[in-house]
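Residue numbers count from 1 along this sequence.
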Amino acid sequence: MPTRGHHPYGPPRRPDGSPGPPGFPPQLNRIPFPLRRPPGPPPPPLSSLVAQFRSGDWPPLNSIVRRAPVRGCAWVPLLFPTLPLVAPVLAYPLVRSARRYAHRAFPPHAFRRPLDPVVLRVQRVRAWAALVASAVLLLAYGTADDFAELQDQYLLRVLVTPWLLLVTSPLVIVTVFLLRPAHERPDMRARLRPVVRTACWYFLAVIAFALAAPGSSLLLDVLPANPLLTLLFAGGALVALVWLLAFAGFATATLIPAGLGTHRVHPALPALLTGFLVWELALADLVLTGMPPGPAALGICSAVGGPLSVSLVVWWEIHRLRTRHGVRLRG
């Protein structure tokens, strides 16, 4: 039993090591009590965020929010005049997550086909020339309905292109496969397997997004009339639709320009697929949206000039592959 004034753990000590008053608990000398919370790391500069976006490494949402000059509850009065900006801000984490998983499933560096720098420069010049010509034609002869149909035409191409590629690519691949000599076909067949696997996963993602919207609406009609349950299900369905749309969009941006990675089977396959796809899309535009605005002769030139110029660039690319790199379609 310790006596009065005697501490069982030895004489008490102050923080500087000198003896303390009787009864001063020595354990408190060893426990730090910070007076204020240590400051966190400074927010990243705006230039570094822009560099992250350009490099493809999208920063998390908190890094972007910390760059804003507004702090604390000052966000609340600013949300009302900027309500259209709230939805993109809330959807950013979903889009970033879908982009990360899409690039993990379909790495862009694995599907980036080698291109002749001269061919790449000509393709860019042709694309800009076609864009300028379409804009001039629309500004000169377009009506209000033509401007309203621009978004519909863009969505039509985005939605139709994967399915056209699904139908066209097997036909083109089989044709090139039959043109090659018999002793090269086993090697081409082995290189074709990962392409088929990639195509299957990609079209499963596209089909999942295409079935998600009508499936959600059907399930919403079947659910019992409970406002809370309906609200929770609608919110979850909206989150799933946004994620699937972003995943399919990033996968499309990686795979469609690369022709599903068919350059690993034959170097000329992406160019051939592009040549066929551009004519199919032009035909779909004529059937679904009609002729371009303007006089009949100018409309025909506009409708045919785009796919014809792409076909000429494709023919020139295959010609360069044959003359400069020894790539041939026939054996």
Side-chain angles (χ1 to χ4, degrees), residues 49 52-53 55-66 68 75-76 79-80 82-111 150-167 169 194-261 281 284 288:
L49 293 180
Q52 277 186 276
F53 277 107
S55 64
D57 183 18
W58 287 17
L61 182 61
N62 58 354
S63 299
I64 301 175
V65 172
R66 287 174 61 194
W75 279 103
V76 177
L79 289 178
F80 295 99
T82 59
L83 281 179
L85 299 178
V86 175
V89 170
L90 295 179
Y92 176 80
L94 290 176
V95 175
R96 182 173 178 267
S97 170
R99 180 183 178 276
R100 184 171 65 251
Y101 279 97
H103 286 181
R104 187 180 301 175
F106 312 107
H109 62 85
F111 293 94
L150 281 178
Q151 185 177 0
D152 296 338
Q153 291 179 2
Y154 177 76
L155 291 176
L156 173 68
R157 293 198 172 197
V158 171
L159 295 175
V160 168
T161 300
W163 306 107
L164 290 179
L165 186 63
L166 176 63
V167 176
S169 55
V195 175
V196 174
R197 194 181 307 117
T198 298
C200 291
W201 283 113
Y202 170 64
F203 285 107
L204 279 177
V206 174
I207 291 171
F209 170 70
L211 296 179
S216 301
S217 62
L218 289 176
L219 289 177
L220 197 60
D221 295 337
V222 175
L223 285 177
N226 187 341
L228 180 59
L229 183 62
T230 303
L231 181 63
L232 291 177
F233 181 80
L238 181 61
V239 169
L241 282 174
V242 171
W243 195 92
L244 286 173
L245 175 62
F247 183 90
F250 286 115
T252 301
T254 299
L255 297 178
I256 296 300
L260 297 176
L281 287 174
L288 298 177

Q: For Trp163, look at atom CH2 and say whether over 12 heavy atoms of other residues, nucleotides or ligands are found less than 6.0 Å away.
A: yes
Q: Any side-chain hydrogen bond (donor to acceptor under 3.5 Å, both in side chains) involving residues 233-259? Give me the pairs, sequence neighbours left out, ordered by first then second residue.
A: Ser97-Trp243, Tyr202-Thr252
Q) Residues two or more places apart in sequence or in another chain: which of them pass side-chain contact (heavy atoms from CB on, under 4.5 Å) with Pro194? A) Arg197
Q: Could you tell me the separation between the OG1 atom of Thr198 and the CG atom of Leu255, rounded to the nearest 0.5 Å?
A: 7.0 Å
Q | Rounded distance (nearest 0.5 Å) linking atom CD1 of Ile256 with atom OG1 of Thr161 | A | 6.5 Å
(Q) Rounded to the nearest 0.5 Å, what separates atom CG in Leu94 from atom CG in Leu244? (A) 10.5 Å
Side-chain polar contacts of residues 232-240 - donor-acceptor pairs under 3.5 angstrom, sequence neighbours left out - could you list them?
none

Q. Does the side chain of Phe106 come within less than 4.5 Å of Phe247's, by heavy atoms?
A. yes
Q | Shortest non-hydrogen contact between Ala251 and Ala102, atoms and distance | A | N-CB, 4.2 Å
**Q.** Stepwise side-chain contact (heavy atoms from CB on, under 4.5 Å) check, Leu260 with Phe111
**A.** CA-CA 7 Å; Leu260 297 176; Phe111 293 94; over 6 Å; no
Q: Quick one: sort the His103 and Phe250 rings into parallel, tilted or perpendicular, breaks at 30° and 60°.
A: perpendicular
(Q) Is it the case that over 12 heavy atoms from other parts of the model lie below 6.0 angstrom from the CZ atom of Phe203? (A) yes
